[in-house]
**Q** 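So that we are looking at the same thing, I have put the structure below in structure tokens.
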There are 2 protein chains.
Amino acid sequence: MADRPLTGSNDRSFENTLRDAIPRPQSAGGSPCAACPVRDLSFCNALTDEELDHLNRVSSDVSLTSGQSLFDEGAPADHVYNVTTGAMKVYKLLSDGRRQITGFLFPGDFLGLATRDAYAYSAESICSTTLCRFNRQKLENLLKDFPKVERRLLGIASDELALAQDQMLILGRKTAKEKIASFLLMLSNRAQKSGNKSNPISLPITRTDMADFLGLTTETVSRTITQLKTSGMITLMSGNEVRLENRDALEDMAEGE
Amino acid sequence: MADRPLTGSNDRSFENTLRDAIPRPQSAGGSPCAACPVRDLSFCNALTDEELDHLNRVSSDVSLTSGQSLFDEGAPADHVYNVTTGAMKVYKLLSDGRRQITGFLFPGDFLGLATRDAYAYSAESICSTTLCRFNRQKLENLLKDFPKVERRLLGIASDELALAQDQMLILGRKTAKEKIASFLLMLSNRAQKSGNKSNPISLPITRTDMADFLGLTTETVSRTITQLKTSGMITLMSGNEVRLENRDALEDMAEGE
DNA sequence: CGGGCTTTTGAGGAATTTCAACGTATGTGG
DNA sequence: CCACATACGTTGAAATTCCTCAAAAGCCCG
């Protein structure tokens, strides 16, 4: 914990300067959005190819190396983002450095929804990541013409809300073992939903980040994973992959049965 | 804990039969919605008096006594609601009866947002409560004509999401004392936002419900409140009221400072 | 006034954290 | 190519917070 900045959670005002932001070609024969790899996963899929071009005009690309900050809690919320490749974590800090990761974001996930003019959390990449960046103001103007995007965003927000409620159940009422089991299953389900293989799951997340997501310490996470491994529920493989050996049993464990 | 139903959390299918549902007079000279006490707090305030009449046509009133269930997790999500008076709790259950309350709802709060066709949580009144009930399907049809309501709902969902993230920080990373302090402040802020007095706050919530909201046991809640009382931070008054004696100190405590 | 419910208080125990040390991987520079 | 630095992961032992079990006290309402 001592290796984390002891910065207060609300007094910072950082948004990545985004020197890497790459403006998009303007309708140079077919919007780049039309060929976006995560188009079907993200809110953009509410639009037709033609309409998509309007979106393209207010967006640019951002590249982050692993561990780079995108913005900090409290900074003016000038942009929203869509993850295209890689993965992000979003988190909140207490003044003494305690951290709660409130979510991990994968390709297609939306980032930066906020009603206030400041971000309610910080966002940082957990591996090499690219995002699609929208100017909030311009996007909002666009939304007025495309209510179906707004509807899609409402659906996304509702889904996120449901996830958040699941997470509250995990944080408030589950044991360490149940938390880890729930987490592995969540990753597996999520991989499946975005069209990746759901069983040997890739785990590009450090023990520390898992701990901060599940309300545990790294030591407890490590011990618990060892336990799961020893009892034959999972197998740790090379390349940060985890094989779920008995999905049903893991599901029972996650629900405390 | 033994006094709670040991019902699984996903296999129930209850929505209050609502014999008490009172259909609204149909534009009998001025929509009842126009005179709604929580109109300014709820999503309805996106509409003009005239437009409000459309909303009135798809809504009815529901009355609940204290402790009555409105719907259970897993039931078909046929309605959404607005709290008009009283208060509700929403929660999720584990199969062994462990419970996580994910939120308390007060007048003006919106209830039932879901993308799936089943409720993701159960809802129950914590005191005598009335709600405004909308048929989901009819409301959604209406939304197509009133995108500004959809925008308002998106704003509401975003606010709820921010609250949920605060709650995750509380559940995952705060101590018992910090949790209680955060909770009291949250109630106070909320009361203020809906135009009630923010200092001697009314606490219509049992120790058990507080515990299930904060990821603690009733005993720990009781002990911690006693501690706060003894140290002069709060005073327990008659009628379930709590006076915050030193708001600043309480805020510091809530943030772990 | 008595019964049922919620709240408080106490004592002991358990899960998890803390502190500390060691092991493992990865990359850098000599 | 190897030594070294650095980050991450594992393991152990002690400490602590919070939970569990138990009982008494307070409160509300018929």
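Chain naming here is simple, since letters A, B, ... match the order of the sequence lines and numbering starts at 1 in each. Just the heavy atoms: all of them, side chains too, but no hydrogens, waters or symmetry mates, feed the values below.
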**Q** Kindly write out the residues that satisfy ring pair (Phe, Tyr, Trp, His ring centres under 6.0 Å) with B/F110, not counting sequence neighbours, or none if the list is empty.
**A** B/F43

**Q** Quick one: ring pair (Phe, Tyr, Trp, His ring centres under 6.0 Å) pairs with a partner in residues 178-212 of chain B, sequence neighbours left out?
**A** B/F183-B/F213

**Q** Specify the separation, in whole Å, of atom CZ of B/R99 and atom P of D/dC19.
**A** 15 Å

**Q** My understanding is that only residues two or more places apart in sequence, or in another chain, count here; which of them pass side-chain contact (heavy atoms from CB on, under 4.5 Å) with A/S194?
**A** A/L41, A/N196

**Q** To the nearest Å, give me how far apart NZ (B/K179) and P (D/dT17) are.
**A** 14 Å

**Q** In whole angstrom, give the distance that lies between atom CZ of A/R207 and atom P of C/dT16.
**A**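 Value for this atom pair: 17 Å.
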
**Q** Check nucleotides 23-30 of chain D for protein N or O atoms closer than 3.5 Å to its own N or O atoms and list the pairs.
**A**
none

**Q** Sequence neighbours excluded, which residues qualify as side-chain contact (heavy atoms from CB on, under 4.5 Å) partners of B/A176?
**A**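 In terms of side-chain contact (heavy atoms from CB on, under 4.5 Å), with neighbours along the sequence ignored, B/A176 is linked to B/L216, B/T220, B/T224.
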
**Q** Could you tell me which residues satisfy side-chain contact (heavy atoms from CB on, under 4.5 Å) with B/S231, sequence neighbours excluded, listed by chain and number?
**A**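 With neighbours one apart ignored, the set is B/M233.
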
**Q** Can you tell me the distance, in whole Å, between the CD1 atom of A/I180 and the C1' atom of C/dA15?
**A** 14 Å

**Q** May I have the distance from B/K174 (atom NZ) to C/dT17 (atom P), rounded to whole angstrom?
**A** 18 Å

**Q** In plain terms, say whether A/R98 and B/E178 are close enough for a salt bridge, that is, a side-chain N and a carboxylate O under 4.0 Å apart.
**A**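 Between B/E178 and A/R98 there is a salt bridge, with a charged N closer than 4.0 Å to a carboxylate O.
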
**Q** What's the CZ-C1' distance between B/R173 and C/dT17, to the nearest Å?
**A**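 Atom CZ in B/R173 sits about 10 Å away from atom C1' in C/dT17.
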
**Q** Salt bridge (Lys or Arg N to Asp or Glu O under 4.0 Å) with B/K197: which residues, sequence neighbours excluded?
**A** B/E241

**Q** Only counting residues at least two apart or in another chain, list the ones meeting salt bridge (Lys or Arg N to Asp or Glu O under 4.0 Å) with B/E251.
**A**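 With sequence neighbours excluded, B/E251 shows a salt bridge (Lys or Arg N to Asp or Glu O under 4.0 Å) to B/R247, given in chain and number order.
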
**Q** So B/T175, base contact, sugar-phosphate only, or nothing? Heavy-atom distance under 4.0 Å.
**A** sugar-phosphate

**Q** Whole angstrom is fine here: how far is it from CG in A/L214 over to P in C/dT16?
**A**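 So the CG-P distance, A/L214 to C/dT16, works out to 12 Å.
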
**Q** Between B/D109 and B/R190 (salt bridge meaning N to carboxylate O under 4.0 Å), is one present in this structure?
**A** yes

**Q** Sorted by first residue and then second, give each ring pair (Phe, Tyr, Trp, His ring centres under 6.0 Å) pair with at least one member in residues 232-257 of chain A; sequence neighbours left out.
**A** none

**Q** I need the residues from residues 219-238 of chain B with at least one non-hydrogen atom less than 4.0 Å from DNA chain C; give them sorted by number, or say none.
**A**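 Per residue number, the list reads B/E219, B/S222, B/R223, B/T226.
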
**Q** Heavy atoms only, 4.0 Å cut-off, all strands: where does B/G67 land among base, sugar-phosphate and nothing?
**A** nothing

**Q** Let me know the distance between CG of A/D209 and P of D/dA7, rounded to the nearest Å.
**A** 15 Å

**Q** Listed by chain and number, what are the side-chain contact (heavy atoms from CB on, under 4.5 Å) partners of B/A123, not counting sequence neighbours?
**A**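 side-chain contact (heavy atoms from CB on, under 4.5 Å) list for B/A123, sorted by chain: B/L70, B/F71, B/M88, B/V90, B/L111.
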
**Q** So if I take the C1' atoms of five pairs at each end of the helix from C/dC1-D/dG30 to C/dG30-D/dC1 and get each local axis, what angle do the two axes make, rounded to 10 degrees?
**A** 30°

